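Please read these numbers as outputs of a predicted model, since none were measured by experiment. When a ligand or atom number is given, it counts from 1 through the structure's own listing order.
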Amino acid sequence: MSDTPIDLEALRQRIDALDGDILRLISERADCAQQVAQVKTAEDPDTVFYRPEREAQVLRRIMALNKGPLDSEEVARLFREIMSACLALEQPIKVAYLGPEGTFTQQAALKHFGESAISLPMAAIDEVFREVEAGAVNYGVVPVENSTEGVINHTLDSFMDSGLRICGEVVLRIHHHLLVGETTRQDKVSRIYSHPQSFAQCRKWLDAHYPQAERVPVSSNAEAARLVKTEWHSAAIAGDMAAKLYGLTRLAEKIEDRPDNSTRFLIIGHQDVPMSGEDKTSIVVAMRNQPGALHDLLEPFHRHQIDMTRLETRPSRSGAWNYVFFIDFKGHRDEPRVAAVLEEVRLRAAEVKVLGSYPIGVL
Ligand SMILES: C=C(O[C@@H]1C=C(C(=O)O)C=C[C@H]1O)C(=O)O
């Protein structure tokens with residue numbers, strides 16, 4: 001028993017009263033969101049209820065208003081879920097992601113859209129694209145780059161043939177664990193399953209701790225987790241979601257070689273997202289194969305002082321030794337400065353495709 005002078009019973013009464021107030025306010029907020037839905041439908045019966053730029057603004061405002069004691073990310077996560085539930089009242093949002101269930105991409109989808117979204121696993125990145133293109137789901141979530149391992153080529157290549165837009169981005173800290181099942185003989189682990197990217201992100205740790213174990217690459221971390229359930233001498237490298245889904249325990253935690261290991265995911269859809277105030281634009285550019293082509297492409301960005309956040313080169317589909325450039329930069333295509341650069345790049349390039357302008361990931 002504590003001898004603190006604070007009256008526990010009084011504090012609990014205060015919490016009950018506050019919970020009542022919070023509930024009333026959340027319900028009032030949900031009512032407003034439903035009215036927004038009516039206004040949107042009256043304006044356009046085929047309207048899209050989900051507004052990425054507005055959601056980013058709501059979260060940024062809440063983070064700026066927050067005075068603690070909860071930290072701003074924690075508060076934003078709570079509001080993320082409130083918005084997700086409000087949006088589900090307007091229209092439950094359907095999201096396809098690179099599966100199977102339990103992958104980091106599913107975690108990214110839920111981080112971005114909240115737990116009220118309906119998330120559907122797809123077997124491959126191009127299936128996510130196809131599902132969104134066909135209108136079977138509203139949005140798709142695909143990984144695009146990892147801070148340790150670099151770009152995910154499948155995703156970039158899928159954009160070359162697709163008319164879909166990028167509607168958002170989400171960055172996820174990636175923590176890998178060494179996971180075992182109930183029947184695993186922990187001293188006899190001779191085989192480790194994981195996705196090749198995860199092996200690459202944990203290479204040094206594995207060399208130091210399990211130099212003898214056979215490393216078996218499989219199609220996803222979740223698949224690795226599923227396999228170890230039934231094998232007594234195997235372990236898997238996977239994340240929290242897969243561990244929970246398959247009831248595995250952690251033999252070692254956070255085994256990624258770099259503590260800041262993170263993956264960036266893109267939200268793909270049909271929408272052109274308006275400005276949120278802090279935005280990014282992604283384009284793909286084909287240049288004519290001539291001396292100075294890359295310099296010509298980059299020069300307008302430098303002159304207009306546009307902050308380029310990524311530049312990737314991929315072989316073009318239109319013949320050997322031709323290349324296309326994927327460029328991400330800060331700013332929205334409706335900003336005059338950005339529009340001017342895009343215009344100049346169009347004059348210099350063989351082809352330019354704007355993949356989308358979208359809010360910089362908030363969470
Ligand atoms: C309520 C709206 O619709 C949706 C729900 C939002 C919310 O709950 O704050 C924000 C943006 C939309 O995704 C809106 O557009 O304002």
Side-chain angles (χ1 to χ4, degrees), residues 19 21-67 70 72-97 105-120 128 131-132 135-142 164-172 265-281 332-334 355-363:
D19 284 348
D21 291 346
I22 294 170
L23 174 62
R24 184 178 47 74
L25 291 170
I26 291 176
S27 305
E28 231 175 86
R29 189 190 195 286
D31 269 344
C32 279
Q34 275 185 310
Q35 288 176 40
V36 170
Q38 286 166 10
V39 175
K40 286 178 186 168
T41 317
E43 278 171 5
D44 170 10
D46 301 320
T47 191
V48 193
F49 291 111
Y50 172 64
R51 297 291 158 84
E53 78 291 1
R54 170 70 184 149
E55 297 210 347
Q57 286 163 345
V58 170
L59 293 178
R60 286 178 194 142
R61 179 171 167 272
I62 288 296
M63 290 174 91
L65 281 175
N66 179 45
K67 293 199 175 75
L70 294 176
S72 294
E73 280 212 7
E74 203 59 61
V75 174
R77 263 197 290 280
L78 293 173
F79 275 82
R80 164 70 282 155
E81 287 307 325
I82 293 173
M83 277 200 292
S84 179
C86 288
L87 182 65
L89 273 180
E90 292 186 41
Q91 173 195 55
I93 208 157
K94 273 207 225 158
V95 184
Y97 64 92
T105 315
Q106 184 182 25
Q107 204 178 321
L110 295 176
K111 183 179 176 190
H112 189 82
F113 289 101
E115 300 275 339
S116 300
I118 301 165
S119 61
L120 303 159
V128 177
E131 207 63 4
V132 184
V137 295
N138 306 102
Y139 299 94
V141 183
V142 289
L164 292 181
R165 318 282 160 76
I166 302 175
C167 303
E169 65 167 6
V170 52
V171 178
L172 201 65
F265 299 84
L266 295 176
I267 314 302
I268 52 172
H270 298 272
Q271 231 166 332
D272 276 328
V273 180
M275 252 189 269
S276 77
E278 282 173 66
D279 303 281
K280 226 185 218 181
T281 298
H332 191 282
R333 65 161 154 200
D334 292 343
L355 301 178
S357 290
Y358 49 91
I360 292 175
V362 179
L363 275 176

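Near Phe49, with a cut-off below 4.0 Å to any heavy atom, the atoms of ligand 1 are 3 (O), 4 (C), 12 (C), 13 (O). Near Met83, the atoms of ligand 1 lying under 4.0 angstrom from a non-hydrogen atom of the residue are 7 (C), 8 (O), 9 (O). Atoms of ligand 1 found under 4.0 Å from any heavy atom of Cys86 (numbered from 1 in listed order, with element): 8 (O). Annotation for ligand 1: atoms under 4.0 Å from non-hydrogen atoms of Glu90 are 1 (C), 2 (C), 3 (O), 4 (C), 5 (C). Numbered from 1 in the order shown, with element, the atoms of ligand 1 that lie under 4.0 Å from a heavy atom of Leu87 read 4 (C), 13 (O). Of all the atoms in ligand 1, the ones that sit under 4.0 Å from a non-hydrogen atom of Tyr50 are 13 (O).
Partners of Gln271 according to the side-chain hydrogen bond (donor to acceptor under 3.5 Å, both in side chains) rule, which considers only residues two or more places apart in sequence or in another chain, are Tyr139.
Note on Arg24 versus Glu28: salt bridge recorded, some NZ/NE/NH1/NH2 to OD/OE distance being below 4.0 Å. A salt bridge links Arg77 with Glu74; the closest basic N to acidic carboxylate O contact falls under 4.0 Å.
Residue Arg29 holds the heavy atom nearest to atom 9 (O) of ligand 1 of all those in Arg29, Gln57, Glu55.
Relative ring orientation between Phe113 and Tyr50 is described as tilted, the plane-to-plane angle lying within the 30° to 60° band.
Gln57 contributes a side-chain N or O that, together with a main-chain N or O of Ser276, makes up a donor-acceptor pair within less than 3.5 Å.
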Practice task
Tell me, with the steps shown, if Ser72 and Asn66 meet side chain to side chain donor-acceptor pair (under 3.5 Å).
Solution key: CA-CA 6 Å; Ser72 294; Asn66 179 45; 3.3 Å; yes
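Atom 15 (O) of ligand 1 has its closest protein heavy atom at Lys40 NZ, 2.9 Å.
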